[in-house]
Amino acid sequence: MKMVCAIIKPFKLDDVREALADLGVQGITVTEVKGFGRQKGHTELYRGAEYVVDFLPKVKIELAIPDALLEQTVEAITNTARTGKIGDGKIFVYDLGSAIRIRTGETDDKAI
């Protein structure tokens, strides 16, 4: 099993969710986050005053998947979240030791 964590632009969330649903991914967790990478924020004008926005709004998507779905999942996220501009985001993949469904006690692949 793998845990996939993707940080993407907020307006791409619906497209990514639909692409994952088409693959058969059944559960995702979404968190609104703020951060920066190479963008390093930007400046904005508000009521005539210029200020620096260091942390940009992003969406963090987390999903647990069987090993067999990894390549398809990463490809689906990459293709749907890409705008071609800086700040499109990142995908992190790490091993998932175990998963347990609280309601039934099912474990590992059966739990996800």
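Heavy-atom basis, side chains included; hydrogens, waters and symmetry copies ignored.
Taking the side chain as every heavy atom from C-beta outward, Leu56 and Lys34 never approach each other to under 4.5 Å. Side-chain contact between Cys5 and Lys60 is present, with heavy atoms from C-beta onward closer than 4.5 Å.
Side chain of Lys58 to main chain of Gly87: a donor-acceptor pair is present (N/O by atom type, distance under 3.5 Å, no hydrogens or angles). A donor-acceptor pair is defined here as one N or O able to donate and one able to accept, closer than 3.5 Å; such a pair exists between the side chain of Thr83 and the backbone of Lys85.
Distance check, rounded to the nearest 0.5 Å: OG1 of Thr107 to CD1 of Ile112 gives 11.0 Å. Rounding to the nearest 0.5 Å gives a distance of 8.0 Å between NZ of Lys12 and CG of Asp88. Atom CZ of residue Arg101 and atom NZ of residue Lys110 lie 11.0 Å apart, to the nearest 0.5 angstrom.
Taking every heavy atom of both residues into account, Ala99 and Ala111 meet most closely at O-CB, 3.6 Å.
No more than 12 heavy atoms of other residues, nucleotides or ligands lie within 6.0 Å of CD in Gln26, so this atom counts as exposed by the packing criterion.
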> When you look at Asp109 and Met1, which way does the side-chain contact (heavy atoms from CB on, under 4.5 Å) test go after all the steps?
Replying inline: CA-CA 7 Å; Asp109 282 351; Met1 295 179 304; 3.1 Å; yes

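Residue Val59 shares its hydrophobic cluster (ILVMFWY side chains chained together at separations under 4.5 Å) with Val4, Ile8, Leu13, Val16, Leu20, Leu23, Val25, Ile28, Val30, Ile61, Leu63, Ile65, Leu69, Leu70, Val74, Ile77, Ile91, Val93.
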